[in-house]
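These notes are about the structure you will find just below.
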Amino acid sequence: MRLSQIPWNTLKETPADAEVVSHQLLLRAGLVRRLTAGIFTWMPFGLKVLRKVEAVVREEMNRAGAVEVLMPAVQPAELWQETGRWDRYGDLLLRIRDRHERDYCFGPTHEEVITEVARRELRSYRQLPVNYYQIQTKFRDEIRPRFGLMRAREFIMKDAYSFHLDQASLETTYQAMAEAYARIFRRLGLRFRSVEADSGEIGGARSQEFHVLAESGEDAIAWCDGDSYAANIEMAAALPPSAPRPDPSAALAKVATPKSRSIDEVAAELKVAPERCVKILVVEGTDGGVVALALRGDHSLNAAKAQRLSQVKTPLTLASPERVTSATGAPTGFVGPVGLRVPLIADHSALAIADFVAGANEAGFHHTGVNWGRDTPVPAAADLRNVVAGDPSPGGGGALAIARGIEVGHIFQLGDKYSRAMNAVVLDEDGKERPTIMGCYGIGVSRIVAAAIEQNHDANGIVWPGPMSPFDVTLLVLNPKNAEAVTAAAESIYVQLSGAGLDVLLDDRDARPGVKFAEADLLGVPHRLVVGDRGVREGLVEYRNRASGAEEKVAIDDVGKFILARLSTAAAA
RNA sequence: CGGGGUGUAGCUCAGCUUGGUAGAGCGCUUGCUUCGGGAGCAAGAGGUCGCAGGUUCGAAUCCUGUCACCCCGACCA
């Protein structure tokens, strides 16, 4: 492409409302433009990136035996009423009414539509298994769209749905999808991890997430190199400490702590480490009362784990300050296990310490030297906390590390939830009707673009992994006005590279060199060639690698081979 | 939805407290000089000050309403 013929505007200043780097750089590099909250236009170069991601996804889905379809974006309410999700899905569902006053929604996902397809098309077990996929625009009316493409309302997703006669067949396809996903992210040149995940609302037996690793990731994932354990922190099990609880050695005492409510304040005032404190969180229970949860002072509550307790109301709700005071006799911050009048469940780690500090159930006072059993009944034990770096891995292979990740893929085993609700059945070998068993597999295609930038950028702009870059190579022409020879050389190199099958961006604009360099860095194409007066006289162009900054001079006649060699070594790596 | 904030030129923002008729930088246009890391000088174009009411001789500025957007909380690819 010749840059002189494409309107391309970059921003020198960071737009005020762009919070995360990917959003800032997408806007600054002119790849996307925001139309309204959570809704974006893909500009020419941004679209090229999106298409490259789609192509890899499509190739790998096809390789894994999936078959592409394209379902409607607009879906009738009736379908959603069949599965009950018209009412349950809530405000995330963008509802539309047509001129006949009929209800529709803009699809946030396609389980209903694909199940409708399946129940019409699939009649015999002989047609199974089948895995349909599409790459399509979805709309979820997020309460708060943010972070640019990372959490847009309108976004592009690859979603696949597989249908099986039995669980064993589902397992096979699920495994194939896990492998396809790993191939996709590897081919895109992204550092990623697959983790065990909570299957959440969609339901079903097994679920795995794929995360692009990046500091700015919204999710925390726990992993261990020693045993290849990896799980979303929501799921990662905290093992009970192996050492038995020490015997009490201190006497129970009540101390005044008028200013201290938080663990940090209490620990500072009493000069004890937070891990020698026990904090109590009071949450709503299932029986209309409240339930107290005990954690070691330095640990944080894991909402997903707490919700799994039968006594705890879902969704997890902290009791209001008034409820806490009336139930325990103390305001929040001073609740403790000694003489506590509400049911108490303690995290394993909180149960494993002796002589600890805790609230005294009286405003302005804490206890020191508290011991389970001696001063309080021994509460029920449970895994309630988030794992922290250094915890033993549930896989037994060593210590856990915590990394941040951006969820870009999620695969589920759905079972027969939708096929039963919508009567998607096939005849089995015995001629009996059986509901199909389903799997579903999503990839956030547009989110991948943002995640790639979050993971790969520097102070000057984007540093695309080669396979996602809008171009293979960018060719900067310096001083074309003053040097016809330079223009001619650039043209010949452009033809040479294009002829070699490379996607080349030729910067033939009448612009100053500084502008071209700065904008090339912003755009982040991995390989840059500069054609200028200096080199052309010697028959040379200058090469620079965007990621490493390494520079090299290359003979004009050899540029095609040179770049191709770089691309193939990058692909092999 | 609850809490906080912002709407002034394409972008980043000043002006608002204390009403007097619109500003800067970047970007854009033209010319000249420049030209190896977002040039300099000069001349320009561009704004119903989010919208609607109100107060006032006079409103970007004060009041009321409204809309949009952004940030903090629970969901998700």
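From a predicted model like this one, the values you see are computed outputs, not experimental measurements. Letters A, B, ... mirror the listed sequences (proteins, then strands); counts begin at 1.
- Residues passing the salt bridge (Lys or Arg N to Asp or Glu O under 4.0 Å) test with A:Glu454: none are found, sequence neighbours excluded.
- Base contact: A:Ala152 has a heavy atom under 4.0 Å from a base atom.
- Base pairing annotation: B:rA39 forms a Watson-Crick or G-U wobble pair with B:rU33, both donor-acceptor distances under 3.5 Å.
- B:rG25 and B:rA39 are spaced 16 Å apart, taking the C1' atom of each and rounding to whole Å.
- Rounded to whole Å, the P atom of B:rG38 lies 12 Å from the corresponding atom of B:rG27.
- Contact annotation: A:Arg512 does not reach the phosphate of B:rU33 (side-chain N/O to OP1 or OP2, under 4.0 Å).
- Here A:Arg85 pairs with A:Glu111 in a salt bridge; the nearest charged N to carboxylate O distance falls below 4.0 Å.
- Toward the 5' end of RNA chain B, the nearer of the two residues A:Pro513 and A:Arg140, judged by each one's closest nucleotide, is A:Pro513.
- Counting to the nearest Å, the P atom of B:rC35 and the CG atom of A:Asp508 are 21 Å from each other.
- The stretch residues 442-457 of chain A comes close to RNA chain B through A:Gly444, A:Arg447, each having a heavy atom under 4.0 Å from the strand.
- Below 30°, between 30° and 60°, or above 60°: for A:Tyr174 and A:Tyr441 the angle between ring planes is between 30° and 60°, a tilted geometry.
- In this structure, A:Arg151 atom CZ and B:rC72 atom P are separated by 11 Å, rounded to whole Å.
- Pair assignment for B:rG73: B:rC1, on the basis of Watson-Crick or G-U wobble contacts that are both within less than 3.5 Å.
- Here the separation of B:rG65 from B:rC41, taken at their P atoms, is 49 Å to the nearest Å.
- Classification of the A:Phe40-A:His23 ring pair by plane angle, with boundaries at 30° and 60°, yields perpendicular.
- The partner of B:rG27 is absent, by the rule that a Watson-Crick or G-U pair needs both atom distances under 3.5 Å.
- Legend: residues meeting salt bridge (Lys or Arg N to Asp or Glu O under 4.0 Å) with A:Lys313, ordered by chain and number and at least two apart, are absent.
- Between the C1' atom of B:rC69 and the CD atom of A:Glu142 lies a distance of 17 Å, rounded to the nearest Å.
- Pairing for B:rC51 goes to B:rG65, judged as Watson-Crick or G-U wobble with the two contacts each under 3.5 Å.
- Ranked by how close their nearest RNA chain B nucleotide is to the 5' end, A:Thr36 and A:Glu407 are led by A:Thr36.
- Ion pairing between a basic and an acidic side chain is recognised when a charged N comes within 4.0 Å of a carboxylate O; A:Arg153 and A:Asp141 show such pairing.
- Comparing the C1' positions of B:rU8 and B:rA68 gives a spacing of 15 Å, expressed to the nearest Å.
- Using a 4.0 Å cut-off, no side-chain N or O of A:Arg34 falls inside it from OP1 or OP2 of B:rC69.
- A distance of about 15 Å separates the C1' atoms of B:rA24 and B:rG46, rounded to the whole Å.
- Of the residues in residues 539-549 of chain A, those placing a heavy atom less than 4.0 Å from an atom of RNA chain B are A:Glu542, A:Arg544, in numerical order.
- Between A:Val212 and A:Ile448, every side-chain heavy-atom pair lies at or beyond the 4.5 Å cut-off.
- Taking a cutoff of 4.0 Å between a charged side-chain nitrogen and a carboxylate oxygen, A:Lys305 and A:Glu234 do not qualify as a salt bridge.
- Distance, A:Asn232 CG to B:rA77 P: 12 Å, rounded to whole Å.
- The shortest heavy-atom contact between A:Leu79 and A:Glu112 is O-CG, 3.5 Å.
- Across the protein-nucleic acid pair, A:Asp533 atom CG and B:rC35 atom C1' stand 11 Å apart, rounded to whole Å.
- At a threshold of 4.0 angstrom between heavy atoms, the contacts of A:Arg153 with the nucleic acid are absent.
- Closest approach to the A:Lys12 side chain among B:rG36, B:rG38, B:rC76 is made by B:rG38 (side chain taken as heavy atoms from C-beta onward).
- Using N1 to N3 plus N6-O4 or O6-N4 for Watson-Crick, or N1-O2 and O6-N3 for G-U wobble, each under 3.5 Å, B:rA59 pairs with nothing.
- For the C1' atoms, the distance linking B:rC70 with B:rG44 amounts to 35 Å, nearest Å.
- Side-chain contact between A:Gln455 and A:Ile406 is absent, with no heavy-atom pair separated by less than 4.5 Å.
- Ring planes of A:His410 and A:Phe412: parallel class, angle under 30° (limits at 30 and 60°).
- B:rG15 and B:rU61: their C1' atoms are spaced 9 Å apart (whole Å).
- For the pair A:Glu19 CD and B:rG5 P, the computed distance is 17 Å after rounding to whole Å.
- No side-chain heavy atom of A:Leu149 sits under 4.5 Å from any side-chain heavy atom of A:Arg447.
- Taking the six-membered ring for Trp and thresholds of 30 and 60 degrees, A:Phe45 and A:Trp8 have ring planes inclined between 30 and 60 degrees apart.
- B:rA14 and B:rG7 are spaced 7 Å apart, taking the P atom of each and rounding to whole Å.
- Every residue two or more places apart in sequence or in another chain that forms a side chain to side chain donor-acceptor pair (under 3.5 Å) with A:Tyr133 is listed here: A:Asn62, A:Glu68.
- Distance from the side chain of A:Arg534 is smallest to B:rG36 among B:rC75, B:rG36, B:rG38.
- Note: CG (A:Asp219) to P (B:rA77) measures 11 Å, nearest angstrom.
- Protein atom CD of A:Glu218 is 10 Å distant from nucleotide atom P of B:rC72, rounded to whole Å.
- The ring of A:Phe517 does not lie on top of the base of B:rG36; it is either too far (5.5 Å or more) or too tilted (30° or more).
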Pull out every protein N or O sitting under 3.5 Å from an N or O of nucleotides 10-13 of chain B, one pair per line with the distance.
| residue | atom | partner | partner atom | Å |
| --- | --- | --- | --- | --- |
| B:rU12 | OP1 | A:Ala16 | N | 3.2 |

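- A salt bridge (Lys or Arg N to Asp or Glu O under 4.0 Å) with A:Glu519 is found for exactly one of A:Arg28, A:Arg528, A:Arg509, namely A:Arg509.
- Among the heavy atoms of the strands lying under 4.0 Å from A:Gly532 is at least one base atom, whether or not backbone atoms are also near.
- Which of B:rG38, B:rC71, B:rA77 sits closest to the side chain of A:Arg146 comes down to B:rC71.
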